[in-house]
Amino acid sequence: MTTLSTLPPQTVARFRNAVPFWMSLMLLPLAVLGALQGGWTVLLLPLFTWYFFSILDAILGLNLENADPDTEDGKLTWYRAITLIWAPLQFGLLFWMIWYVTGPGDAHLSTIETVLLFFGMGVITGTVGINYSHELMHQKDRRERWLGDLLLSMVLYSHFRSEHLRVHHLYVGTPSDPVTARYNEGFYRFFPRVLRQSLCSAFRAEKAFLARKGLPWHDRRNPFWRYWALQGAMLALAALLGGWVGLALFTWQAFIAIWQLELVNYIEHYGLTRRHLGNGKYEHVKPHHSWNASHKASNWLLINLQRHSDHHYKPDRRFPLLQTYAEDEAPQLPYGYPIMTMAAMIPGVWRRVMNPKVRRWRQTYYPDITDWTAYNKARNPAPL
């Protein structure tokens, strides 16, 4: 029988290094417990996701170590595995919960308990599911990209793939990127703006991509056909299992998941802009155009998403190979994403913490720019 003691030392080391990134699996039994027990247990998911990992961050501190970025994919099996198994696990949990709370569990769960339970489910599908889809959509393997599409369809946000790959990575830190939060823009202004603009920009990007090949927008190769089909199938299954209530609960968790995603988008680039070079052109993306965070526990939960500076600098790197940066190389968040997203929900607190950091960032990287008015208002400044 194969055990850890019989495996080669390097294999054992890779397994042990990867295991902390599997902590997201702890959320699944908490969801089931909330459904079966009701009461205060329906609050376990947001409490565990936001507060437990924040406490762990405070205890464990930062992880400033960097893996060899040239590590072969074959040595990342245990890291990749969590992103590959998550889609079927989330699918099974989500639709089991819809079936259960509208059927066997309907008798012992109150309306408010059910709503709170699916709020927590949205925290899972947003914090973990969308984040894993983000990792998968960047890969060359078609099967991985399909798993990413499945995860996004479970939260009715399939266009995020097109928006992220064809818009955000190209135009981050410029007025053409909807999800770069402007300096002094509160989250409650950012959120509705992004909901509207990101869908439109994603569709325009795919339409333009097809046009460059001489194809109309309605060609079958437009991924929006796949997006709509998958989302329609998810809505139909929710209705089949739970009727109108099941459909409402599915939509509710999807909204919470999208809210979680856009909270993260908000903090990742808040106030950071690329230098305008004139004629609508901007400098290349560099590590200092994204906020970086090296907090150990929240990076386990978010599979190194907080090493966002390196993700934009080298988008094709798998998550275990993402590098972290020192303060003189990239701007640093004071806390991990769980705390920072909570702060973003209170605009006054957010501005008090982050606006001075943005101003210091401007003085550090662009001391020659004295008038930031056009950047603040997301307009192309006059040529420099």
Student: Using modelled atom types and a 3.5 Å cut-off, is there a donor and acceptor pairing between side-chain atoms of Ser24 and backbone atoms of Leu301?
Tutor: no
Student: When rounded to the nearest 0.5 angstrom, what distance separates CG in Leu322 from CG in Leu305?
Tutor: 9.0 Å
Student: Taking side chain as C-beta onward, heavy atoms only, is Phe53 less than 4.5 Å from Phe48?
Tutor: yes
Student: Which class fits the ring pair His308 and His311: parallel under 30°, tilted 30 to 60°, perpendicular over 60°?
Tutor: tilted
Student: More than 12 non-hydrogen atoms from neighbouring residues, nucleotides or ligands closer than 6.0 Å to CH2 on Trp40, yes or no?
Tutor: no
Student: Any donor-acceptor pair under 3.5 Å linking the side chain of Tyr188 with the backbone of Met345?
Tutor: yes
Student: Write out all pairs satisfying salt bridge (Lys or Arg N to Asp or Glu O under 4.0 Å) with one or both partners inside residues 223-250, taking only residues at least two apart or from two chains.
Tutor: Asp149-Arg226
Student: Dump the intermediate steps for side chain to side chain contact (heavy atoms under 4.5 Å, CB included) on Trp259 and Leu195, then the final yes or no.
Tutor: CA-CA 10 Å; Trp259 166 61; Leu195 290 181; over 6 Å; no
Student: For the pair His295 and Leu62, evaluate side chain to side chain contact (heavy atoms under 4.5 Å, CB included) and give the outcome as yes or no after the intermediate values.
Tutor: CA-CA 4 Å; His295 300 80; Leu62 306 180; 3.6 Å; yes
Student: Nearest 0.5 Å, please: how far is CH2 in Trp50 from CE in Met342?
Tutor: 7.5 Å
Student: Identify the two heavy atoms, one from Ala330 and one from Ser309, that lie closest to each other, and give their separation to 0.1 Å.
Tutor: CB-OG, 3.5 Å
Student: For Asp177, enumerate each residue passing the side chain to side chain donor-acceptor pair (under 3.5 Å) test, keeping only those at least two apart in sequence or located in another chain.
Tutor: His168, Thr180
Student: Considering the options Arg362, Arg359, Lys377, which one meets the side-chain hydrogen bond (donor to acceptor under 3.5 Å, both in side chains) requirement together with Tyr183?
Tutor: Arg359
Student: The test is side chain to side chain donor-acceptor pair (under 3.5 Å); show your working for Asn299 and Ser294 and say whether it passes.
Tutor: CA-CA 7 Å; Asn299 264 324; Ser294 301; 5.7 Å; no
Student: Indicate whether the side chain of Glu163 and that of Ser198 have a donor and an acceptor atom separated by less than 3.5 Å.
Tutor: no
Student: Between the side chains of Tyr266 and Trp350, does any donor sit under 3.5 Å from an acceptor?
Tutor: yes
Student: What verdict does the side chain to side chain contact (heavy atoms under 4.5 Å, CB included) test give for Leu230 and Trp146, after you've listed the backbone C-alpha separation in whole Å, the side-chain angles of each residue and the deciding distance to 0.1 Å?
Tutor: CA-CA 11 Å; Leu230 286 172; Trp146 260 100; 4.0 Å; yes
Student: Quick check on Tyr313: does its OH atom have over 12 non-hydrogen neighbours (other residues, nucleotides or ligands) under 6.0 Å away?
Tutor: no
Student: Can you list every salt bridge (Lys or Arg N to Asp or Glu O under 4.0 Å) pair that touches residues 120-142, not counting sequence neighbours?
Tutor: Asp141-Arg143
Student: Pro315: what forms a side chain to side chain contact (heavy atoms under 4.5 Å, CB included) with it, not counting sequence neighbours?
Tutor: His138, His169
Student: Counting only N and O atoms by type, is there a donor-acceptor contact under 3.5 Å from the side chain of Gln306 to the main-chain atoms of Tyr337?
Tutor: yes
Student: Can you find a heavy atom in the side chain of Asn376 that is under 4.5 Å from one in the side chain of Arg182?
Tutor: no
Student: Under 3.5 Å, is there a donor-acceptor pair linking the side chains of Tyr227 and Ser162?
Tutor: yes
Student: With distance as the sole test, does Asn279 use its side chain to make a donor-acceptor pair with the main-chain N or O of Lys281 at under 3.5 Å?
Tutor: no
Student: Quick one: CG on Leu94 to CG on Leu249, what's the gap to the nearest 0.5 Å?
Tutor: 9.5 Å
Student: Salt bridge check, Arg275 against Asp368: does any charged N sit closer than 4.0 Å to a carboxylate O?
Tutor: yes
Student: Listed by chain and number, what are the side chain to side chain donor-acceptor pair (under 3.5 Å) partners of Thr127, not counting sequence neighbours?
Tutor: Gln260
Student: Can you tell me if Trp86 uses its side chain to pair, donor with acceptor, with the backbone of Ser133 under 3.5 Å?
Tutor: no
Student: Dump the intermediate steps for salt bridge (charged side-chain N to carboxylate O under 4.0 Å, His left out) on Glu327 and Arg360, then the final yes or no.
Tutor: CA-CA 12 Å; Glu327 195 163 359; Arg360 284 196 297 272; over 6 Å; no
Student: Okay, side chain of Glu113, backbone of Gly34: is any donor-acceptor separation there less than 3.5 Å?
Tutor: no
Student: Taking Glu206 as the fixed residue, which of Arg166, Arg161, Arg221, His159 is the one that meets the side-chain hydrogen bond (donor to acceptor under 3.5 Å, both in side chains) rule?
Tutor: Arg166
Student: Would you please name every residue forming a side chain to side chain donor-acceptor pair (under 3.5 Å) with Asn184, sequence neighbours left out?
Tutor: Arg351, Asn355
Student: How many angstroms lie between OG1 in Thr111 and CG in Asp106, if you round to the nearest 0.5 Å?
Tutor: 8.0 Å
Student: How about His134 and His164: are their ring centroids closer than 6.0 Å?
Tutor: yes
Student: Between Trp78 and Arg14 (side chain of the first, backbone of the second, donor and acceptor by atom type, cut-off under 3.5 Å), is there such a pair?
Tutor: no
Student: Do Phe160 and Phe203 sit in one hydrophobic cluster, given that two such residues count as connected whenever their side-chain heavy atoms are within less than 4.5 Å of each other, even indirectly?
Tutor: no
Student: Apply the side-chain contact (heavy atoms from CB on, under 4.5 Å) test between Asn131 and each candidate in Thr83, Leu302, Thr125, Leu261; give the one that qualifies.
Tutor: Leu302
Student: Hey, does Leu152 have a side-chain heavy atom less than 4.5 Å from the side chain of Met137?
Tutor: yes
Student: Surrounding NE2 of His218 (heavy atoms of other residues, nucleotides or ligands, distance under 6.0 Å), is the total greater than 12?
Tutor: yes
Student: CG/Asp57 to CD1/Ile339 distance, rounded to the nearest 0.5 angstrom?
Tutor: 7.0 Å
Student: Is there a side-chain contact between Phe118 and Phe250 (heavy atoms, below 4.5 Å)?
Tutor: no
Student: Could you check whether atom OH of Tyr100 has more than 12 heavy atoms from other residues, nucleotides or ligands sitting under 6.0 Å from it?
Tutor: yes
Student: One pair to check against side chain to side chain contact (heavy atoms under 4.5 Å, CB included): Tyr132 and Phe319. What are the steps and the verdict?
Tutor: CA-CA 10 Å; Tyr132 286 12; Phe319 79 85; over 6 Å; no
Student: So, Trp99 versus Phe95, ring centres under 6.0 angstrom or not?
Tutor: no
Student: Which value, rounded to the nearest 0.5 Å, describes the distance between His288 atom NE2 and His312 atom NE2?
Tutor: 13.5 Å
